[in-house]
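Comments concern the structure below.
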Amino acid sequence: KRLDKAYKESASKGPIYLFYSVNASGQFCGMAQMMSPLDYNTKIDVWALDKWNGMFQVKWIYVKDVPNSHFRHIRLKNNENKQVTNSRDTQEVFLEPGVEVLKIIGNFKAKTSILDDFGFYDKKQEETKEKKKSPEGKEEENGTKSFSSPSSLASSSESNGGKNPLSQSDGSVASRKK
């Protein structure tokens with residue numbers, strides 16, 4: 001609800017950008033622009049736990065793995081001065097540190113991306129669906145979330161056209177557990 005509120009409140013001020021990281025992966029895996037408010041009525045079957053619901057549209061700007069070591073110097077004043085790499089779902093990142101994160105992601109020459117891991121995520125998603133179907137199946141206790149491999153990721157561009165997408169607003173960090 002916090003992310004939805006931020007999207008609605010910033011509609012006239014500029015876009016919301018999200019930095020993505022897979023929990024415990026030791027890296028950021030991309031950046032996307034939030035393109036719609038949350039839709040709580042649409043049911044999707046990608047979450048391993050039923051405590052999450054809804055969906056929203058994003059436009060991927062970068063999809064690449066960037067190790068946390070490149071970001072550890074960036075601290076968030078609005079999060080007890082913790083490193084940006086210690087952020088959790090919907091952690092707001094103000095303009096100055098957001099631009100710094102963006103520059104690092106934009107300039108990093110990645111050899112891998114989360115797209116390389118979708119076989120793993122697809123398998124986990126199928127396992128989760130089977131567990132939910134079987135009467136003796138249990139939900140994962142380790143907080144696992146499953147992801148589908150959206151076609152928009154595969155076709156997304158790693159170029160932002162030389163524009164600074166954070167020049168009008170601050171961003172948000174969203175992390176996902178593996």
Side-chain angles (χ1 to χ4, degrees), residues 2-3 6-7 10 14-36 46-48 52 55-125 142-178:
R2 184 176 174 193
L3 187 57
Y7 180 83
S10 75
I16 296 282
Y17 292 95
L18 307 167
F19 297 114
Y20 285 87
S21 174
V22 176
N23 191 34
S25 68
Q27 60 197 12
F28 278 92
C29 59
M31 184 184 115
Q33 180 180 346
M34 188 173 178
M35 301 299 291
S36 72
V46 297
W47 300 114
W52 295 285
M55 61 177 274
F56 59 94
Q57 296 176 357
V58 300
K59 176 182 172 186
W60 287 96
I61 297 169
Y62 292 107
V63 179
K64 57 171 128 178
D65 295 339
V66 184
N68 282 349
S69 59
H70 293 271
F71 303 98
R72 294 200 199 286
H73 66 283
I74 302 172
R75 302 265 176 184
L76 302 180
K77 293 177 182 176
N78 59 327
N79 190 22
E80 300 174 1
N81 212 36
K82 292 179 182 176
Q83 299 171 345
V84 71
T85 56
N86 196 27
S87 298
R88 298 294 174 251
D89 288 348
T90 71
Q91 171 62 54
E92 183 177 7
V93 178
F94 292 143
L95 181 61
E96 187 176 316
V99 169
E100 196 168 352
V101 170
L102 174 59
K103 285 179 182 177
I104 293 167
I105 291 174
N107 292 325
F108 188 79
K109 303 295 181 206
K111 296 179 182 176
T112 60
S113 80
I114 194 168
L115 298 174
D116 301 328
D117 300 327
F118 272 123
F120 168 81
Y121 292 119
D122 288 341
K123 182 179 177 186
K124 292 297 277 181
Q125 183 175 352
N142 65 359
T144 302
K145 295 180 190 177
S146 300
F147 294 89
S148 295
S149 51
S151 58
S152 63
L153 273 178
S155 63
S156 67
S157 168
E158 284 202 2
S159 170
N160 66 358
K163 297 177 186 173
N164 178 354
L166 290 181
S167 63
Q168 297 177 12
S169 91
D170 44 353
S172 298
V173 173
S175 65
R176 298 288 182 244
K177 295 181 181 180
K178 209 173 197 181

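Numbering starts at 1 and runs along the sequence shown. Values in this document were obtained by computation on a predicted structure and should not be read as measured data.
Atom SG of residue Cys29 and atom NZ of residue Lys64 lie 12.5 Å apart, to the nearest 0.5 angstrom. Note: Gln27 CD to Asn68 CG = 7.5 Å, rounded to the nearest 0.5 Å. One finds the OH atom of Tyr7 at 7.0 Å from the CE atom of Met35 (value rounded to the nearest 0.5 Å). In this structure, NE2 on His70 lies 11.0 Å from CD1 on Ile105, to the nearest 0.5 angstrom.
Between Leu18 and Leu3 the shortest side-chain heavy-atom distance falls below 4.5 Å. Residues Ile16 and Gln33 fail the side-chain proximity criterion, which asks for heavy atoms closer than 4.5 Å. Within the 4.5 Å cutoff, no side-chain heavy atoms of Phe28 are placed close to those of Val22. No side-chain heavy atom of Asn86 sits under 4.5 Å from any side-chain heavy atom of Glu80.
Taking every heavy atom of both residues into account, Leu76 and Glu92 meet most closely at CD1-O, 4.4 Å. Between Gln91 and Asn78, the shortest heavy-atom contact is NE2-ND2, 3.4 Å. Asn23 approaches Arg88 most closely through the heavy-atom pair OD1-NH1, 4.4 Å. Shown here for Asp116 and Thr112, the closest heavy-atom pair between the two residues is OD2-CA, 3.3 Å. The nearest pair of heavy atoms linking Phe19 to Gly98 is CZ-O, 3.6 Å. Considering all non-hydrogen atoms of both residues, Ser87 and Val84 come closest at OG-O, 2.8 Å.
Formation of a donor-acceptor pair under 3.5 Å by the Asp65 side chain with backbone atoms of Ala110 is not found in this model. With Lys59 contributing its side chain and Met34 its backbone, the two residues share no donor-acceptor pair below 3.5 Å. Between the side chain of Arg75 and the backbone N or O of Lys82, no donor-acceptor pair lies under 3.5 Å. Although no hydrogens or angles enter the test, the distance criterion places a donor-acceptor pair under 3.5 Å between the side chain of Asn107 and the main chain of Lys103. In this structure, the side chain of Ser36 does not engage the main chain of Phe56 through any donor-acceptor pair within 3.5 Å. Formation of a donor-acceptor pair under 3.5 Å by the Ser113 side chain with backbone atoms of Leu115 is found in this model.
In this pair, Trp60 and Tyr20 present their aromatic rings tilted. The plane angle is within the 30 to 60° band.
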Test Phe71 against Val66 for side chain to side chain contact (heavy atoms under 4.5 Å, CB included), laying out the working first. CA-CA 9 Å; Phe71 303 98; Val66 184; 3.4 Å; yes
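Remark: the Gln83 side chain and the Thr85 side chain contain an N/O donor-acceptor pair separated by less than 3.5 Å. Side-chain contact annotation: Glu100 with His73, donor-acceptor N/O pair under 3.5 Å present.
The neighbour count for Glu96 CD, taken as heavy atoms of other residues, nucleotides or ligands under 6.0 Å away, does not exceed 12.
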